[in-house]
**Student:** 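Could you have a look at this structure, given as structure tokens, before my questions?
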Amino acid sequence: MTAEKKAAAAPAKTFTLKDDQSGKEWKLPVVDGTVGPNGIDVRKLLAETGHITFDPSFNSTGACKSKITFIDGDAGKLMHRGYSIEDLTQKSNFIEVMYLLLYGDLPNKPDYEEFKRHITYHTMVHEQVHFFFRGFRRDAHPMAIMCGVVGGLSAFYHDSLDINNPQHREISIHRLIAKIPTLAAMTFKYAIGQPFMYPRNDLSFVENFLYMCFAVPAEPYKINPVVAKALEKIFILHADHEQNASTSTVRLAGSTGANPFACIASGITSLWGPAHGGANQEVLEMLHEIGHKDRIPEFLARAKDKNDPFKLMGFGHRIYKNYDPRAAVLKADCHAVLEELGVKNEPLLDLAMELEKIALSDPYFVERKLFPNVDFYSGIILKAMGFPTSMFTVLFALARTVGWCAQWKEMIEEPDMRIGRPRQLYIGAAGRPYVALDKRK
Ligand code: SDX
């Protein structure tokens, strides 16, 4: 008997839910994942029991089915479409990983070349976009500009925003993936008062981004292959990460039928938070504030003090209860990249490693399984490449755009996709009569 016939013949898996007051019982179907936790299907819970589930930060709630990314938080493992993040960072490149995330398999040579050509030939932005920037002060945070400009891009493509049209979805995704680096580089140039550099089609995706950031019209620019390779790895490491806050924001926005530019702009706004993608900037600022390893105990004490809002930035994760595999890759790369860049001794790296060593031997962090996450080491490398801390989350958004697009695409292509609409546990006032102003105390 084939596996499918066996599965069909096997008794349906269920969970029994019992109301201890009434003694009534309900059988809830179980939905199986390939790996990781299975799900209890509660879609009929309210209709059948008059109760909702209550899980405010979605700690135990699956919002969708997905084939794109899987995280084993206890083992500290991450894979995209079944390929480990270690394999992808060591053997693949960002264009190929983008194809994998979007279309489900590694491309053959012709498909790879065609996808690369599509992305290359969509990197330029409409010349009118330059005027968006003029409205911002030069000291505007680059993420503030990205929130505005990416959402505004939809104004240029009214002819291809029908999300139910596969061709419109495809070209919108290509435009977003290709133009985000151009816009990110423009936010950097605008902040430092240098002229925008137009994209070059003879360069790779990552080389082109470095060119648009660091070249000037006055002289030729030489790509540093070490920087390009390290940045390629950083982009791969940040590409997608299951249903994190910003991806969930993109999915919820997309479920209303909003156009993909507006949805990705919503992801950028959500990623900006210091508890999320904004942490890479906060880690560098925290390391600068700590300043010397002698002050580490003071900051660890603050991180443990429930009356102090300070958190050890770059530590902890909702899913990883082990070392974030992305942080492990970046930590290993840190030394190599800094050395290749001629940064003999980076005090911030020494401080970060000392902080990690002390924190990982502290019972508070050990008991709570708080390990370094992707943001802990990324900023040190980005700083060595010449990016200001204000650009760190922009680079995270640049890399995550393909993940957001892949998740958005997967959701829109779900046959039974519906608008997302969570319920609530109402704890406010029950009905009460209106009292006229002159009768109130
Ligand atoms: C990203 O979701 C994703 O996948 C996100 C991301 C992605 O790729 O999309 O991985 C990217 O956002 C990485 C996280 C970057 N953020 C930071 O580094 C900011 C610092 N970290 C914390 O804010 C926190 O760890 C979170 C936000 C990441 C997770 O918050 P949770 O889920 O509330 O943490 P938890 O439930 O594991 O906390 C358990 C305990 C709590 O204390 P108790 O109530 O048990 O006493 O650990 C404490 C927390 O207060 N804690 C920390 C801490 N992180 C958790 N205490 C001090 N410093 C910290 N960093």
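Read the numbers this way: they start at 1 and go in the same order the structure lists the ligands and their atoms. Computation of the quantities below employed the complete heavy-atom set of this structure, encompassing side-chain atoms and omitting hydrogens, waters and symmetry-equivalent molecules.
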**Student:** Test your reading of the structure: does Asn373 have an N or O sitting under 3.5 Å from an N or O of ligand 1?
**Tutor:** yes
**Student:** With a 3.5 Å distance limit and no angle check, can you tell me whether His80 reaches the backbone of Leu100 through a side-chain donor-acceptor pair?
**Tutor:**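 Not at all, since once roles are kept as given, no pair shorter than 3.5 Å links the two residues.
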**Student:** Name the option, out of Gly316, Ala327, Ser57, Gly314, that contains the heavy atom nearest to atom 18 (O) of ligand 1.
**Tutor:**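 When every heavy atom of Gly316, Ala327, Ser57, Gly314 is considered, Gly314 comes closest to atom 18 (O) of ligand 1.
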**Student:** Have a look at Lys311, Glu282, His241, Arg326 and point out the one with the heavy atom closest to atom 23 (O) of ligand 1.
**Tutor:** Lys311
**Student:** Quick test of your reading of the model: are Glu232 and Lys229 salt-bridged, counting only N-O distances below 4.0 Å?
**Tutor:**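 Lys229 and Glu232: not salt-bridged.
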**Student:** If we only consider heavy atoms of Phe310, is any one of them less than 4.0 Å away from an atom in ligand 1?
**Tutor:** no
**Student:** Counting only heavy atoms closer than 4.0 Å, does ligand 1 sit against the backbone of Phe376, its side chain, both, or neither?
**Tutor:**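 Neither; nothing of Phe376 gets under 4.0 Å from ligand 1.
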**Student:** Between Asp375 and ligand 1, find which residue part has any heavy-atom pair under 4.0 Å and reply side chain, backbone, both or neither.
**Tutor:**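 Asp375 to ligand 1: side-chain contact only, backbone stays beyond 4.0 Å.
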**Student:** Below 4.0 angstrom, N of the basic side chain to O of the carboxylate: do Glu113 and Lys109 qualify?
**Tutor:**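 Counted as a salt bridge, because a side-chain N and a carboxylate O are separated by less than 4.0 Å.
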**Student:** Students often mix this up, so state it plainly: with edges at 30° and 60°, are the rings of Phe209 and Phe387 parallel, tilted or perpendicular?
**Tutor:**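 The arrangement is parallel - the two ring planes meet at less than 30°.
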**Student:** Pick one: which of Phe396, Trp404, Phe94, Phe392 meets ring-ring contact (aromatic ring centres under 6.0 Å, His included) with His238?
**Tutor:** Phe396
**Student:** Heavy atom to atom 57 (C) of ligand 1, shortest distance: which of Pro372, Ser270, Ala279, Ala303 holds it?
**Tutor:**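 That would be Ala303.
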**Student:** Using a 4.0 Å heavy-atom cut-off, say whether Thr247 meets ligand 1 through its side chain, its backbone, both or neither.
**Tutor:** neither
**Student:** On a heavy-atom basis, I'd like to know which of Gly278, Ala275, Gly277 is closest to atom 16 (N) of ligand 1.
**Tutor:**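 Ranked by closest heavy atom to atom 16 (N) of ligand 1, first place is Ala275.
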**Student:** Describe, in one word, how the ring planes of His174 and His122 are oriented to each other, choosing from parallel (under 30°), tilted (30 to 60°) and perpendicular (over 60°).
**Tutor:** tilted
**Student:** Which one holds for Lys304 and ligand 1: side chain close, backbone close, both close, or neither close, with close meaning a heavy atom under 4.0 Å?
**Tutor:**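 It is neither part, as no heavy atom is under 4.0 Å.
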**Student:** Do the side chains of Glu410 and Arg251 get close enough for a salt bridge, i.e. N-O under 4.0 angstrom?
**Tutor:**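 Salt bridge between Glu410 and Arg251, a charged N being under 4.0 Å from a carboxylate O: yes.
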**Student:** Out of Lys369, Glu367, Lys321, whose heavy atom sits nearest atom 35 (P) of ligand 1?
**Tutor:**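 Result: the heavy atom closest to atom 35 (P) of ligand 1 is in Lys321.
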**Student:** For Ile319, state whether at least one heavy atom is located under 4.0 Å from any atom of ligand 1.
**Tutor:**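 Contact absent.
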